[in-house]
Amino acid sequence: MSREPDALAALLPEWHRLRDAEEGEPLRALLAVLNEQLDRVRTGVEQSYDDLFVETAADWLLPYLGDLVGYRPLPGYERVLARRAGDARLAAALAPRADVAATVGNRRRKGTLALLEELADDVAGWPARAVELSRLLGHHQSVRLNSPGTTADRAARGRLADVRDGDGLDLAGTPFAATARTVDVRNGHTPTGVGLYVWRLKPHHLTAAPAYCMDRARSLYTFSILGNDTPLVTKPEPEPAATHIATIDNVPAYIRRRQLADRLADYYGPGKSFTIWRDCGDDGAEDAEPVPIQDIVVADLSHWRYRAKRGQVVVDPELGRLAFGSRGAPRQGVWVTYHHAFSDDMGGGEYPRPDRETPPDAQVYRVGPAAPYQRIMDAYEAWREDCRQRRREGIIEITHSGAYQEQLDFSLEPGDRLQLRAAEGTRPVIRLLDWYSNRPDALNIRTPEGDCERGEEPRIVLDGLLITGRGVHVSGPVGAVVIRHCTLVPGWTLEPECTPHSPEEPSLALEDTTACVEIDHSIIGTIEVIGDEVHTDPLPLHIRDSILDATGHDREALSAPDCRHAHAELHLHRTTVIGEVYVHAVRIASDSIFTGRLHAARRQIGCIRYSFVPPGSRTPRRHRCVRTPRPQFTSERYGTPAYGQLAAGCPPEIARGADDGAEMGAFHDLYQPQRADSLRARIAEYTPAGSDARILYVN
């Protein structure tokens, strides 16, 4: 459609337009209608030309173009086209456009291992390693080993493991192992099998972030700012050619100690998998030189038994730990850049956040080492001063992935609009410490009673932050609280084994407030609602694409004190709830998982659809919900790479139980069942003749 409604009127002579203006512009209105139809014809002609090419054709035309070359649509794509509305993300996950475009080229390479790996990336978005398992199958050797028909490759099969081959033993049990195996039909190791090992967890990077000191001598550190063990993963390198078979450097595999010790230069340094800085001062590691590679020593730091010598920096990549010599410990801090694994872009992270809000008339107050403000509260006070000059829109933007240890107390007034957010490509950490002995130390968001009677209720947005040490406390007549792409650490902080430090404490407390709370793509601990249940309406609480974690199935994830019903109305979409929920009402719960009992005081309103609700729950009417079997998770501990991920053996009622056939819970939008079905359909078409292929999940 074009876009100039007065394009035809502009072609008229000037005196016609003047005469038309004198009579109320009826001719201009008529030409605008004609121009609209002309634009439709022009757009149709342009689209007809675009429809000749698979890269620019309309979505509905792709199956017809594919039919010209014998392309078979992926499973479920016809249903997506039939529904049309609301399934754009599912259509993108099935990705037929690139699949159709590569059909002819893929057939020329049919039967090659490199093609199977490329299909895994193009169709499912998973890095993969294809292995001919038949070549690893051990068998008895012929008594005539020296006969002319015996090859060296055949003679090497079935031999005992060489204990002198440390590198080979270190890779045993991985997709890169070269040791012989016996037949294992359960895992796809058949005599004619091809195993396609795929990595479902994505590598996420943190840049120049502070490490966490574990001891008073300041010589023991963890890469994670929370003090928990975090295995480091490889920063994947692009494969040099389409015929290249993936190696351990091309996939986001966990870094092993021996692997790192043998190839330290391939993994350490700027632009690589991890980098370490020390004693950089308050400005961080922006312009400092990293620790020299000759000072790096790889060792096992389990139980911190290994003692570093003076000048050494000991690294354990499997635990994500650092150790310095006691006499050479850093005095001005340690900073690290590293990669860790997680299922999706959720919680505080440096990944792109496409739904950021930047009002055109908002003033931005930047906080960071090289920014105008060094502390968050300094930027807040500057915005508060500007508010006296009628400027109500304010954005406090943190410009680096550092840690901020200060008491945050935001007092909002009528009409205020405030955002506290991370700059693009950063993940700042707000550490709330025990500042006062006689009162709580939460991040306070409050509005004095009676202020909002004079004007519009205020609104605050938290975006891209990791908040640890304490929770967030909201009180007073706040209009809206938006928590987007944030992590409010469940249990406040973590022990080294990812055990929550304070599992009973709430991460978000809503006390005597009228706030409408929106939580989107976030990880959050317990929510506690305190308020007058007689004279006030229930709080609207909207949670989407998030994990609500009480750190235990028998703990309260959402309630009032003493396990009473929270005076709130819950709106839940594609969310995993670990714990019990006691709430006034459930307006809607869709494609979600409740691991603990759900108890709604009012059952007459609301609906729960396509969700797992455990037995013993009191809910409004249900539509196609599941009570048994229970969901199975790879991990339920925040801080582990597979946190919140459904296990490979999860019952299909859960793994495919959502409205559109995807999995229930927080990672619904990954569409992993559809990706797996699409990949199986393609590898069945392109597998080498006489063999069968199977998808094997590495993580």
Side-chain angles (χ1 to χ4, degrees), residues 206 209-214 222 224-228 282 333 347-349 367-368 373-381 396-398 400-412 418-422 426-447 460-476 478 481-496 498-511 513 515 517 519 522-530 547-551 638-639:
L206 287 174
Y212 182 80
C213 183
M214 300 290 294
T222 61
S224 172
I225 186 63
L226 300 177
N228 62 297
D282 295 335
V367 180
Y373 304 97
Q374 304 300 310
R375 299 173 65 250
I376 296 175
M377 288 305 293
D378 292 342
Y380 168 76
E381 294 297 339
I396 300 176
E397 185 173 85
I398 305 176
H400 77 136
S401 298
Y404 291 83
Q405 303 174 126
E406 53 181 301
Q407 179 65 37
L408 300 182
D409 193 345
F410 300 129
S411 180
L412 305 179
L418 177 63
Q419 291 189 43
L420 177 59
R421 75 184 189 189
T426 66
R427 189 216 63 181
V429 178
I430 297 178
R431 297 187 64 204
L432 303 172
L433 305 180
D434 191 7
W435 292 98
Y436 303 101
S437 60
N438 60 347
R439 59 188 176 95
D441 300 288
L443 190 159
N444 293 311
I445 301 171
R446 56 189 175 86
T447 300
I460 187 170
V461 177
L462 305 179
D463 187 357
L465 308 175
L466 188 149
I467 302 175
T468 180
R470 294 292 186 274
V472 176
H473 186 272
V474 182
S475 61
V478 181
V481 176
V482 180
I483 301 175
R484 180 189 304 125
H485 297 284
C486 288
T487 298
L488 278 61
V489 177
W492 283 2
T493 189
L494 302 180
E495 301 293 343
C498 296
T499 305
H501 183 270
S502 305
E504 302 292 340
E505 300 295 341
S507 292
L508 177 61
L510 307 172
E511 183 175 2
T513 181
V517 180
I519 301 173
S522 296
I523 299 171
I524 187 171
T526 301
I527 301 177
E528 186 177 69
V529 180
I530 307 170
I547 299 178
L548 177 59
D549 185 5
T551 71
Y638 171 72

If we check side chain to side chain contact (heavy atoms under 4.5 Å, CB included) with Thr493, which of these qualifies: Ile225, Leu432, Thr468?
Thr468
side-chain hydrogen bond (donor to acceptor under 3.5 Å, both in side chains) partners for [X], two or more places apart:
{"X": "Ser507", "value": "none"}
{"X": "Arg421", "value": "Thr358, Glu397"}
{"X": "Glu511", "value": "His473"}

Could you check Ile519 against Ile527 for side chain to side chain contact (heavy atoms under 4.5 Å, CB included), going step by step and ending with a plain yes or no?
CA-CA 11 Å; Ile519 301 173; Ile527 301 177; 3.9 Å; yes
Not counting sequence neighbours, which residues clear ring-ring contact (aromatic ring centres under 6.0 Å, His included) with Tyr404? List them please.
His400
Test of understanding: with ring-ring contact (aromatic ring centres under 6.0 Å, His included), list the residues that count as partners of Tyr638, not counting sequence neighbours.
Tyr643
Min side-chain heavy-atom separation [X]-[Y] under 4.5 Å:
{"X": "Val489", "Y": "Ile467", "result": "no"}
{"X": "Leu462", "Y": "Leu488", "result": "no"}
{"X": "Leu510", "Y": "Val517", "result": "yes"}
{"X": "Tyr212", "Y": "Asn228", "result": "no"}
{"X": "Ile430", "Y": "Leu420", "result": "yes"}
{"X": "Pro490", "Y": "Ile523", "result": "yes"}
{"X": "Ile524", "Y": "Leu508", "result": "yes"}
{"X": "Leu412", "Y": "Arg446", "result": "no"}

Verify, without hydrogens or angle tests, whether Ser224 (side chain) and Leu226 (backbone) share a donor-acceptor contact under 3.5 angstrom.
yes
Can a donor-acceptor pair be found, under 3.5 Å and without considering hydrogens, that links the side chain of Trp492 to the backbone of Pro506?
yes
Which side-chain hydrogen bond (donor to acceptor under 3.5 Å, both in side chains) pairs, counting each pair once, include a residue from residues 482-491, with sequence neighbours left out?
Tyr351-His485, Asp355-His485, Glu357-Arg484
Nearest 0.5 Å, please: how far is [atom2] in [Y] from [atom1] in [X]?
{"X": "Phe410", "Y": "Asn444", "atom1": "CZ", "atom2": "CG", "value": "9.5 Å"}
{"X": "Leu408", "Y": "Tyr380", "atom1": "CG", "atom2": "OH", "value": "10.5 Å"}
{"X": "Leu443", "Y": "Asp409", "atom1": "CG", "atom2": "CG", "value": "8.5 Å"}

For [X] and [Y], work out which heavy atoms get closest and say how close.
{"X": "Gln407", "Y": "Met377", "result": "O-CG, 3.5 Å"}
{"X": "Pro210", "Y": "Ser401", "result": "CD-O, 3.2 Å"}
{"X": "Ile483", "Y": "Cys486", "result": "CG2-CB, 3.7 Å"}
{"X": "Ala379", "Y": "Ile396", "result": "CB-CG2, 3.9 Å"}
{"X": "Leu465", "Y": "Ala422", "result": "CD2-N, 4.1 Å"}
{"X": "Met214", "Y": "Thr222", "result": "SD-CG2, 3.8 Å"}

Go through the steps to decide whether Val367 and Arg375 satisfy the test side chain to side chain contact (heavy atoms under 4.5 Å, CB included), and finish with yes or no.
CA-CA 6 Å; Val367 180; Arg375 299 173 65 250; 5.8 Å; no
